[in-house]
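Everything below concerns the one structure shown next.
All residue numbers in this chain count up from 1 along the given sequence. Predicted, not measured: the structure shown is a model, and the values here were computed from it.
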Amino acid sequence: MEAFQSWVSEHKLTSIGAVWASAIGASLAYNSRGRSPLKPSLRLIHARMHSQALTLAVLSGAAAYHYYEKSCSSQEKVTNA
């Protein structure tokens, strides 16, 4: 788990892009499963909206994690000084 966290910490934009792409794929797969009265263009628009909402949530989480990481490192510097 620590290796995964360090990779995500180093490749923030890549991991957010991967979440976005997988959200689009999952939403399209979910909406195209079964018979839906929506046109394919509307399914694509809905998939994009779902993935944007998830991406905003991930970006907010990444910002909170970055702030937490930064505040912990600054507290360690004060403690060690």
Side-chain angles (χ1 to χ4, degrees):
M1 187 66 171
E2 190 172 315
F4 178 72
Q5 286 178 343
S6 67
W7 186 87
V8 169
S9 181
E10 291 175 14
H11 302 94
K12 289 181 179 98
L13 292 178
T14 304
S15 57
I16 290 170
V19 166
W20 177 81
S22 61
I24 284 241
S27 183
L28 280 173
Y30 179 75
N31 285 333
S32 63
R33 197 181 70 175
R35 298 196 182 255
S36 177
L38 298 176
K39 294 180 183 179
S41 60
L42 285 177
R43 287 184 198 153
L44 185 61
I45 290 170
H46 286 176
R48 185 187 62 116
M49 289 173 51
H50 293 148
S51 64
Q52 281 179 335
L54 181 65
T55 303
L56 284 175
V58 169
L59 280 172
S60 299
Y65 178 72
H66 178 73
Y67 176 75
Y68 172 75
E69 198 175 51
K70 198 172 190 178
S71 68
C72 286
S73 67
S74 67
Q75 286 179 356
E76 286 178 6
K77 287 179 184 177
V78 169
T79 306
N80 291 336

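- Hydrophobic clustering (ILVMFWY, side-chain heavy atoms < 4.5 Å, transitive): Ile45 and Leu38 are in one cluster.
- Note that the CZ atom of Phe4 and the OG atom of Ser9 stand 11.5 Å from one another [nearest 0.5 Å].
- Cluster annotation: Leu42 is not connected to Leu28 through the hydrophobic network of ILVMFWY side chains, with a link wherever side-chain heavy atoms come within less than 4.5 Å.
- Ile24 and Arg48 make their closest contact through CD1-CA, 3.9 Å (heavy atoms, listed as atom of the first residue, atom of the second, distance).
- Trp20 is not listed as a side-chain neighbour of Leu59, based on a closest heavy-atom distance of 4.5 Å or more.
- The distance from the OH atom of Tyr65 to the NZ atom of Lys12 is 8.0 Å, given to the nearest 0.5 Å.
- For the atom pair Ser51 OG and His46 NE2, the distance stands at 12.5 Å (nearest 0.5 Å).
- Considering every non-hydrogen atom in both His50 and Ser27, the closest pair reads ND1-OG, 3.0 Å.
- No more than 12 heavy atoms of other residues, nucleotides or ligands shown are found within 6.0 angstrom of CG on Leu13.
- The number of heavy-atom neighbours closer than 6.0 Å to NE2 of His11, taken from other residues, nucleotides and ligands shown, is above 12.
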